[in-house]
Amino acid sequence: MANKVLVTGGLGYIGSHTVVELINSGFEVIIIDDLSNSHVETLDSIEKITSVRPIYGNLNICNLDDLLEFTSAHSNIDAVIHFAAYKAVGESVDEPIKYYRNNLNSLLNIMTMMEGLSKKNLVFSSSCSVYGEPKSIPVNEQTPVEPAESPYANTKLICEDICKDFFRNIDGSCTLLRYFNPIGAHKTALIGELPLGPPSNLVPVITQTAIGKRDKMMVFGDDYDTPDGSCVRDYIHVVDIAIAHVCAVKRLIAGKEKTKVETFNLGTGNGVTVLEMINSFEKVSGEKLNYEIAPRRPGDVSAIYADVKYATEELKWTADRSLDETVLSAWKWELYLQQQNN
Ligand code: WQD
């Protein structure tokens, strides 16, 4: 009997890639997604890639009655992966209440639902943004978190604390996964990052500029204390992130966790600047990017990348895909989208 995993936000960017890897690893997957930042056609793409069409519930988990009604029809859930949240850093600054209400209530409802499950295993989608502007890099899971740079980051910090308090008193376990910068797309180019509206993340901005959806792009600041003056991030292939979720679910279901709440950094361990990303893209795509240096973007940290030793040791996981391979997968995805729209 296959282990059953409930995935909230399973039609989203990281969610859909994780669903594919879960199915490929023999799990039965149930998806909940309200399509607020995803597309129902992604379900078709998941089926094309895996030959399996997961059970899908179109509902907003902030509606507790809907959530309980849906999950009561699905017994023996072995683990829950909670992706569903708003994640646009800039938007969270403009609309903090929308972010606190959605990101906190959705988690609280998941916990209420989990109280009715016989197995209480939760993998929670957290973020490197909880580190704020770190005093030293690379950051490891013991690096003190700094004041959040945005309401988005603060919702992730608060949710981590909610998880710690909830699991302290129950017979269950939780894994907090702090993503660095997920980029790229599945090798089939059938799923990828598909922002509703204009993206703010670097890689979709790069590929949309290259394909002509945008005239030019801005590099937000070249006066930081970094190798070339532009910001440093840890860009990691979304499939490597997805595989880490499978490792985390297997660890919980096997009862191999060492504490009731464990935290792991999901990064490559390499810091890359914005200008280095542009160089990588131009190299792998053969396209010349039209960009300008612009003033710094409020809320940006100058440099952050992960110390990934703990995830490597405990999850038996490393990010396998190179930067160029990852950037090329994002370009192939953009080309696929253009082909679909023609
Ligand atoms: C990266 C760098 C920008 C756009 C991300 C996610 C967030 C969270 C944390 C998961 C920055 C620069 C960008 C552009 C640019 N991830 N940039 N021109 O801010 O690190 O946040 O990681 O929870 O959800 O968004 O990612 O891609 O927006 O920016 O120069 O047009 O690229 O200034 O230095 P960020 P990003």
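Whatever order the structure lists ligands and atoms in, that order sets their numbers, starting from 1.
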Open item on the list: Is it true that, when you exclude K332 itself, more than 12 heavy atoms of the residues, nucleotides or ligands shown sit nearer than 6.0 Å to its NZ?
Closed with: no
- [ ] Give the protein residues with at least one non-hydrogen atom closer than 4.0 Å to an atom of ligand 1, ordered by chain and number.
- [x] K87, V89, S127, Y152, F180, N181, S200, N201, L202, V205, M218, V219, F220, C231, R233, Y235, V274, R297, D300
Task: Polar side chain donor-acceptor pair, D324 to S322, under 3.5 angstrom - done: no
Open item on the list: Between R251 and E314, does any side-chain N to carboxylate O distance fall below 4.0 Å?
Closed with: yes
Open item on the list: Can you confirm whether the side chains of N201 and Y13 place a donor and an acceptor under 3.5 Å from each other?
Closed with: no
Open item on the list: Give me each pair satisfying side chain to side chain donor-acceptor pair (under 3.5 Å) with a member in residues 95-107, each pair once, sequence neighbours excluded.
Closed with: E91-K98, E91-Y99, Y100-N154, N103-T155
- [ ] Step through it carefully: locate the ring centre of H245, locate the ring centre of Y179, and say whether they are under 6.0 Å apart.
- [x] yes
